[in-house]
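Structure record follows, encoded as structure tokens.
One-based numbering along the sequence shown. Every value quoted in this text rests on a predicted model; they were computed, and no experiment measured them. We count ligands from 1, going down the list as the structure has it; atoms in each ligand are counted the same way.
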Amino acid sequence: MVLDTVEKQLRVLPLFEYASISTKEKFALKVHRDPKLQGLGVLGRGQLFSLFHAEHLAEATKLYEVLIGAKTFEEFLDLCHQVRDFVSEGLYVYAVSVAILHRPDCKGVSLPPIQEIFPDKFMPVQTMYDAYKEAWLNPNKEEDIIVDMQSTGNILDPEYNLAYYREDIGINAHHWHWHIVYPATWRPEVIGKIKDRKGELFYYMHQQMCARYDCERLSNGMPRMEPFRNFHDTLEGYSSHLSSSINGLPYPSRPEGMTLQDLKEVSIQDLERWRDRISDAIHIGHVEDENGSHVPLDEARGIDVLGALVEASYESINQAFYGSIHNWGHVITARVQDPDGRYHLNPGVMSDTATSLRDPIFYRWHRFIDNMFQNYKETLPHYNHSDLEFAGVEITKVLVRAKHTNNIDTFKSNSLLDLSHAYEFGRTGAVKVRFNHLNHEEFDYKIQVENHTSKTKPATVRIFMAPKYDELGNELNTKNLRRLMIEMDKFHAEFYPGHNYIVRHSKNSSVTISSARSFGQLAHGEGVNEHANEYCSCGWPDHLLVPRGNENGMPFHLFVMLTDWLQDQVGDHGKTGMCTDAVSYCGAKDQLYPDRRPMGFPFDRDIEEEHLSDWLLPNMKDVLITVTHHE
Ligand code: CUO
């Protein structure tokens, strides 16, 4: 039977429905289990899956490799149905998602949003109770029910000011999808698809999340975060108010003042040893592989090698020696409340890619990780003129066109999240949660360019933003500014000899996801076709493209740079046209990362000049804009 994309989409959706609930096949399937599924189910139903945990991930890898290897679409579905009832719910959804993204016969099939599969990972348990109560009390089964999302704290905890960012559904969903697109254990030689510059993208995407967090902190009048430094320091507190619907237990709260403890799988000393070995390798400029050979941390490949080693992913050059500092850092932090498991607590939110961004420690941990990468970047020479210039091309004017020129307004908006595909409410009308999130007005960049040559110049347009002032109101110098530079957009443009003028709309940003389709939309075939972008589940939410700013109009640098596209292109970009929607943070499916320059260029290395204005070349422009928040 040959199925078209819409039919496949419809057959895939039920794999994700009611993921926390046992399916009806449960008993029948015990007697019929494909031998390929043998050995799975060690992490059984009701246990929380963490892809940062080596054993969990090994089991998930086994499953996604079996699912990707299924000969036909029918066999794939059959295996999914069989495995569903005896492996951990989270592990199942992870492995099935990885398989759908990578099976050739699932081209064009979209994943439903993770927030609709596991709403319990995205909203406080009180809100879930409210939804259940309303559904119970409302006798009219046809009507939609809407309840409001509850808050998780108040400003007695100053960090609560950032809760709207940390607990944003879109960024947590993005992070979940990113780790599906880039599984740490991806084995290209087995599956046959490369993940270009995966180690470097691990560094860059997380660096950008931290930079964006600090922009948000400054917007709220708060100091930039203090990086995690010492494994023996006390930790801040955090209460997620989440409770897992797969086992009914809360994600435990962490009172202020706790310290990390050894686990049976890994000790603090292991992490410290790995940190020191990585730090030594950065300072001597090479790492050692398993045979003792030196692999240089050079300009061409250094960051990719280091990214893989730090995460640590399958590509790590020597996991036995350098360990897995990043992944175990997540796990050890998540288990701080019950390190030896004596209370049978769930791990905290740090163990799950769909929830970890909620916790303030996430950013501090990742800044600690990022500092390792930055230590390496500091060993590289500064970019010189020939690295930065674009001969004959000059940006003469840049402005932002919105309601007010060179100002972007931000505000709060409401959206709805449908719970009806995760839980059975016994009604035909939907049950939805209304939640608040930051948003911004739509805007255009207007860029005026003079091409002084006699030839058309194809260019890469690179746009960044960063706050002008630090928490004390002092102007940020380039050393600090470059770490706050958030990518806003990157795209190709052609400049003809003479005067040029381009307009680029904010919605087209290469950072953001254009549209994540809901369960309901996918079930109606909306946007489902063989050209749909499978990677489109990955991408920064458009509503958080612009930092909050403040009520007075917070000054930001808007930096635009043009580079020579003929040097930047990698050759195969656009080959298949598949998923080139949010390439900056997510890459492009089955293709090379569509930019030859180091990720974050030109701000990935130190800048010698103290002031940005002294460093600018004609192919760059830095203008001051404001971001004004309206409550
Ligand atoms: Cu994505 Cu630490 O890798 O959160």
Side-chain angles (χ1 to χ4, degrees), residues 48-54 56-57 60 90 94 97-98 114 121-122 165-168 170-186 195 197-213 225 227-228 231 235 238 240 251 260 266 271 274-275 278 303-304 306-316 319 322-336 347-374 535 537-541 544 582 584-587 599:
L48 262 55
F49 167 66
S50 168
L51 62 78
F52 298 121
H53 194 292
H56 298 193
L57 187 55
Y94 171 77
S97 303
V98 173
I114 185 67
K121 294 177 194 271
F122 294 85
Y165 177 88
R166 289 184 279 100
E167 296 172 357
D168 183 84
I171 62 168
N172 280 283
H174 158 71
H175 189 232
W176 158 268
H177 285 291
W178 190 92
H179 281 277
I180 290 174
V181 175
Y182 293 99
T185 46
W186 187 256
K195 297 279 178 186
R197 293 163 72 183
K198 180 168 158 236
E200 184 179 7
L201 194 53
F202 169 77
Y203 132 77
Y204 182 56
M205 199 285 288
H206 291 87
Q207 184 275 334
Q208 284 285 292
M209 287 202 297
C210 290
R212 287 180 166 276
Y213 182 59
M225 68 174 118
F228 177 92
F231 287 92
L235 304 177
Y238 177 64
S240 69
Y251 290 78
L260 298 176
V266 72
L271 272 77
W274 298 335
R275 174 198 60 194
I278 294 168
I303 190 67
D304 202 36
L306 204 55
L309 182 119
V310 168
E311 185 180 3
S313 71
Y314 173 70
E315 290 88 352
S316 170
Q319 214 176 112
Y322 296 105
S324 176
I325 189 168
H326 158 265
N327 284 345
W328 280 118
H330 274 272
V331 175
I332 211 165
T333 313
R335 301 251 296 266
V336 71
V349 291
M350 269 290 272
S351 73
D352 189 329
T353 49
T355 58
S356 53
L357 269 66
R358 305 173 81 86
D359 190 333
I361 191 70
F362 172 91
Y363 304 90
R364 302 203 307 111
W365 175 249
H366 264 283
R367 185 46 70 75
F368 162 76
I369 295 291
D370 188 52
N371 284 346
M372 294 187 195
F373 296 127
Q374 299 299 337
Y535 266 34
S537 313
C538 183
W540 197 252
L544 286 188
S584 291
Y585 296 168
C586 296
M599 297 178 196

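- Near F362, meaning under 4.0 Å from any of its heavy atoms, are these atoms of ligand 1: 4 (O).
- Proximity of W365 to ligand 1, defined as any heavy-atom pair under 4.0 Å, is not found for any part of the residue.
- The cationic group of K195 lies under 6.0 Å from the six-membered ring centre of Y182 and within 45° of the ring axis, placing it in a cation-pi geometry.
- Going from atom NE2 of H330 over to atom NE2 of H366 covers 3.5 Å, rounded to the nearest 0.5 Å.
- Ring planes of Y363 and Y213: parallel class, angle under 30° (limits at 30 and 60°).
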Worked verdict on F202 versus H326 for ring pair (Phe, Tyr, Trp, His ring centres under 6.0 Å):
CA-CA 11 Å; F202 169 77; H326 158 265; 4.8 Å; yes
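- Using a 30° and 60° split on the angle between ring planes, W540 and Y165 fall in the tilted class, from 30° to 60°.
- Residue H326 has at least one heavy-atom neighbour below 4.0 Å for each of these atoms of ligand 1: 2 (Cu), 3 (O), 4 (O).
- Geometry at atom 1 (Cu) of ligand 1: NE2/H175 and NE2/H206 form an angle of 110°, nearest 10 degrees.
- Contacts between H366 and ligand 1, counted as non-hydrogen atom pairs separated by less than 4.0 Å, involve the side chain only.
- Of all atoms in ligand 1, listed by their number and element, those nearer than 4.0 Å to a heavy atom of H330 are 2 (Cu), 3 (O), 4 (O).
- The part of F52 lying near ligand 1 is the side chain, judged by heavy-atom distances below 4.0 Å.
- Listed by atom number, the atoms of ligand 1 under 4.0 Å from H179 heavy atoms are 1 (Cu), 3 (O), 4 (O).
- Every atom of ligand 1 is numbered from 1 in the order shown, and the set under 4.0 Å from a heavy atom of F202 is 3 (O).
- Note on ring orientation: taking the six-membered ring where Trp is involved, the planes of H206 and F362 are tilted (angle from 30° to 60°).
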